[in-house]
Structure formats: C-alpha cells, structure tokens
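Okay, so here's the structure we're looking at.
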Amino acid sequence: MDALTLLEQDHQKVKKLMGEIEKTTERGVKTREQLFTKLVDELTIHEKIEEQIFYPAVKERATSKQLEELVTESYEEHHFVDIVKAEIENTPFDSEEWAAKFKVMMENIEHHAFEEEEGKMFPKVRRAFKKDELEDMGTRMEELKDQLMDVLPAEAPRGV
Ligand SMILES: [Fe+2]
Ligand SMILES: [Fe+2]
C-alpha cells in the first residue's frame with residue numbers, strides 16, 4: 001500500500017476512536033478504559049512507523065527547508081502528545097480532569113495529523129517521491145506495523 005494512504009487510514013482510525021472516547025462519561029469508565037487502551041496501542045504503533053521509516057525518509061529526500069522543518073516539528077508534536085498521554089495514564093478514568101486532559105490530547109493529535117501532516121507535509125511528500133517509492137515505503141511500514149502489533153500485548157500489562 002502507498003505509504004501516505006496507510007498513514008491516512010491510521011489517522012481515520014485514530015479519529016474515530018477519539019470520537020468514541022469523547023462520548024464516554026465518568027460513569028462509563030470501563031468503556032473509556034478499553035477504548036483508551038486501544039487508542040494508545042494505535043498511536044504507539046503509528047508514531048513508531050512514522051519515526052522509524054517515514055520521517056527519516058522524508059527528511060533525507062527533503063528539497064526544501066520547509067519540509068525539513070515540518071519533519072522536525074512532527075517529532076516534537078509526537079513528543080508532546082506522549083507527555084499528555086503519560087499524564088492521562090496517571091489520572092483516574094472517572095475524574096473530571098481525565099476528560100479535560102483527553103480533550104487537549106485529542107486536539108493536539110488532530111492538529112498534528114490533519115493540519116500538519118495531511119495538510120502540509122503529505123502533498124510535498126507526494127511530489128518528492130515516485131509512486132513506486134511510496135509503495136515500497138508503505139510495504140515496509142506495514143511489515144513493521146505487523147511486527148509491532150505482535151509484540152504489543154506482551155510488552156507490558158495494560159490498564160491503570
Ligand atoms: Fe505523526
Ligand atoms: Fe501521522
């Protein structure tokens with residue numbers, strides 16, 4: 001699969017999950033917890049395939065300073081989401097702060113995925129790479145994704 005299509009599909013999946021989580025309340029803690037765990041898994045894998053394969057390839061190929069900067073910013077945006085995510089993991093699922101923190105995390109993810117990546121970065125990437133290069137990259141990303149999915153549940157017991 002084309003690398004950009006793969007990432008866009010991930011973004012849609014994440015967006016859908018976040019929408020479902022947003023609808024949960026302090027009373028639906030179990031659902032909230034299950035969906036959030038799923039979201040964290042999705043995000044962890046998505047960040048990894050971008051950071052290990054996609055961003056380095058884009059940075060190497062970047063012909064403009066702007067595209068290079070977009071990649072550098074993206075690492076920082078991942079980092080920021082990771083910080084908020086870690087904070088949420090230390091916040092009780094049934095507290096009021098949980099929903100507030102989640103909202104901030106969601107807004108940051110949406111900004112990063114849709115405005116920065118899909119809005120600014122991906123069109124430049126599509127011009128900088130040949131079709132078959134994007135296909136190859138996508139295949140490598142899918143392989144890494146499969147590997148990471150296999151190890152995820154064994155990595156650490158989930159849930160707080
Ligand atoms: Fe990203
Ligand atoms: Fe992304």
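The first residue in the sequence is number 1, and the count goes up from there. The basis for the numbers below is simple: all heavy atoms, side chains too, and nothing from hydrogens, waters or symmetry mates. Ligands are counted one by one from 1 in listed order, and the atoms in each one are counted from 1 as well.
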Any side-chain heavy atom of K145 within less than 4.5 Å of one from D10?
yes
For the Fe ion (ligand 2), does an N/O/S atom of D10 lie at less than 2.8 Å?
no
How is the N/O/S atom of E50 that comes nearest to the Fe ion (ligand 2) named?
OE2
Nearest non-hydrogen partners of A57 and M137, listed with the distance:
CB-CE, 4.0 Å
Kindly indicate whether the side chain of L39, heavy atoms from C-beta on, has any atom under 4.5 Å from the side chain of M105.
yes
Are any of the side-chain nitrogens in D82 or K85 under 4.0 Å away from the carboxylate oxygens of its partner?
yes
Where the Fe ion (ligand 1) is the vertex, angle from H112 NE2 to Y55 OH to 10°
90°
Return yes when at least one N/O/S atom of H46 is nearer than 2.8 Å to the Fe ion (ligand 1), and no when none is.
no
Restricting to N, O or S, what is the name of the atom of E117 that lies nearest the Fe ion (ligand 2)?
OE1
Output yes when D136 and K130 qualify as a salt bridge under the 4.0 Å nitrogen-oxygen rule, no when they do not.
no
Measure from the Fe ion (ligand 2) to each N, O or S atom of H11 and report whether any distance is below 2.8 Å.
yes
